[in-house]
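One structure is given below, encoded as structure tokens.
Naming convention: chains lettered A, B, ... in sequence-line order (proteins, then strands); numbering from 1 in each chain.
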There are 2 protein chains.
Amino acid sequence: MESVKINQNIKVAVDAIVFGYSNNALHVLLVKQKFGALKNNWVLAGGFVKDGETLYEAINRELREEAGIQVTYLEQLYTFGDDIHRDPRGRVISVAYFALLNSTELKLSADTDAKDAKWVPLDKIPKLGFDHNQIIQVAYERLKSKLTYQPIGFDLLPKEFLFSDLENLYCNILQKQIDRRNFRKKILSFGLLEETEKFSSEKTGRPAKLFKFNKKKYNKLHKEGFNFEIKFA
Amino acid sequence: MESVKINQNIKVAVDAIVFGYSNNALHVLLVKQKFGALKNNWVLAGGFVKDGETLYEAINRELREEAGIQVTYLEQLYTFGDDIHRDPRGRVISVAYFALLNSTELKLSADTDAKDAKWVPLDKIPKLGFDHNQIIQVAYERLKSKLTYQPIGFDLLPKEFLFSDLENLYCNILQKQIDRRNFRKKILSFGLLEETEKFSSEKTGRPAKLFKFNKKKYNKLHKEGFNFEIKFA
DNA sequence: TCAAAAGTGTTGAGTTTACACCCATGC
DNA sequence: GCATGGGTGTAAACTCAACACTTTTGA
């Protein structure tokens, strides 16, 4: 490919903030920086984009290489490039991605690029390298607002889940109290959940039905103008 | 500044899609490309980011240089970097910005970078260079959805405007019919418009009150959790 | 006096909120 | 039989949708 004949010395990176939900708490994927000035600092998964690679390919490669995961939801979040000194290595802009991981997949196989990778509860995130704490903040705001108008909560739960898990997820992430009856009524009114024949009896008390989210049906309805929307008192 | 020691040959550009509203129609700012392979093609205002410049500074500079305008609303839209060949000059990613311009400011002083600049009604946009038609599409979707949950319509109107202008703007941009009475009731119920003592009698028929949008009050309410939201039948 | 746009209320339907008791299981 | 979480209905308040006539001006 012909090279652009301008003098520009800006590098392009991608970073992913991956949310996972386990033990009734929202977690963020962190990796340990293996090289460079911030070696051994905890940061978000990410790295430089290769010349022949799309941004989308780059972020998926980094997730694979640094944590061995394949996320269930991925969208571009924001491009951070207004702090010229955000990266000590020089001028780097970062295209940040917002990702969710199904909680049945919360295992890691860290190897290639990062010395280590781990899930950290959102309220226990240490001071990270670069501007990654700020990126997490932006991503968390996005998560909260999306939860109310897009059915992304299901991307954080196992394929089959309890109603109480869903309810807990909303309570926890939005930090609000929810009326159990109204919440259930509202969610069920969409007709997007399917009861399974299975029950969970892992907890004490009355066994609970397991539900599945019908994503195909949602996609179909969404094309026809349906909007998933949940409000709270 | 120390240069990053990786081999990457990707350039970073910013592009702005600026919407303006005049003569009851939504317009987009286009400029004529002055240099390069796409010379004389119409494109969005934009260009390469300079090394010592933030993205925000870059986009403002381009708007000033290419069209001599200062927009009333500006936010990052999306970063286009998934088509490796989107720019014939080589690998370029573009951080696109979404901008609105108050319709009293719809004059242009094109000079420095672009041979020409003009406002084109959205439904008469020609085939543009790069992937700019696609960027406009994404921006238009953003505009439509933001109109329903953020008071950005006012950024497209003069400081003092008629209720019918506002109504028309919503009808036109969203391509929906609106019940005048319900619309007025809803907007007034927010308590964010102030009547002025002035009347417009530029049209035939009964003179109409001029209104002002109280942005300070909106910002205050918004911080307290208020949400501007308009739905249509 | 006519044409053109501005201004204005009410009613029924639907949605949202608030709220408390019984059920099924394991120990 | 008791502790634990699961499951359920109703009434009042509010919001939304539908709908048409009167007012003011200029020509």
A correct 5'-to-3' footprint of nucleotides 18-27 of chain D, with B, S and - meaning base, sugar-phosphate only and no protein heavy atom under 4.0 Å, is BBB--BBB--

Among all residues two or more places apart in sequence or in another chain, which pass the side-chain contact (heavy atoms from CB on, under 4.5 Å) test with [X]?
X	value
Tyr149(B)	Ser145(B), Lys146(B)
Glu224(B)	Lys220(B), Leu221(B)
Lys231(B)	Glu229(A), Lys231(A), Glu229(B)

Rounded distance (Å) that lies between atom [atom2] of [N] and atom [atom1] of [X]:
X	N	atom1	atom2	value
Phe161(A)	dG6(D)	CZ	C1'	16 Å
Lys186(A)	dG9(D)	NZ	P	19 Å
Ile187(A)	dT8(D)	CD1	P	15 Å
Glu229(B)	dC16(D)	CD	C1'	12 Å
Glu195(A)	dG6(D)	CD	C1'	13 Å

Sub-4.5 Å side-chain heavy-atom contact between Ile152(A) and Leu147(A): yes

Return the set of residues passing salt bridge (charged side-chain N to carboxylate O under 4.0 Å, His left out) with Lys185(A) (not counting sequence neighbours), or none when no residue passes. none

Let me know which of Asn133(B), Val31(B), Ile136(B), Val14(B) forms a side-chain contact (heavy atoms from CB on, under 4.5 Å) with Leu44(B). Ile136(B)

Sequence neighbours left out, cut at 3.5 Å: what donor-acceptor pairs do the side chains of residues 161-169 of chain B make with other protein atoms?
residue, atom, partner, partner atom, Å
Asp165(B), OD2, Leu162(B), N, 3.4
Asn168(B), ND2, Ser164(B), O, 3.1

Give me each pair satisfying salt bridge (charged side-chain N to carboxylate O under 4.0 Å, His left out) with a member in residues 123-144 of chain B, each pair once, sequence neighbours excluded. Glu75(B)-Arg142(B), Arg86(B)-Asp131(B), Glu141(B)-Lys144(B)

Test of understanding: with ring pair (Phe, Tyr, Trp, His ring centres under 6.0 Å), list the residues that count as partners of Tyr170(A), not counting sequence neighbours. Phe183(A)

For Phe226(A), enumerate each residue passing the ring pair (Phe, Tyr, Trp, His ring centres under 6.0 Å) test, keeping only those at least two apart in sequence or located in another chain. Phe190(A)

Can you give me the closest heavy-atom contact between Gly81(A) and Ile93(A), atom names plus distance? CA-CG2, 4.0 Å

Less than 6.0 Å separating the ring centroids of Tyr78(A) and Phe80(A)? yes

From Ile187(B) CD1 over to Phe211(B) CZ, what is the distance, rounded to the nearest 0.5 angstrom? 11.0 Å

Heavy atom of residues 165-178 of chain B under 4.0 Å from DNA chain D: which residues? none

With a 4.0 angstrom cut-off to heavy atoms of chain B, pull out the first and last contacting nucleotide of DNA chain C, in 5'-to-3' order. dA4(C) to dT10(C)

For DNA chain C, the residues among residues 144-154 of chain A that have a non-hydrogen atom under 4.0 Å from it: none

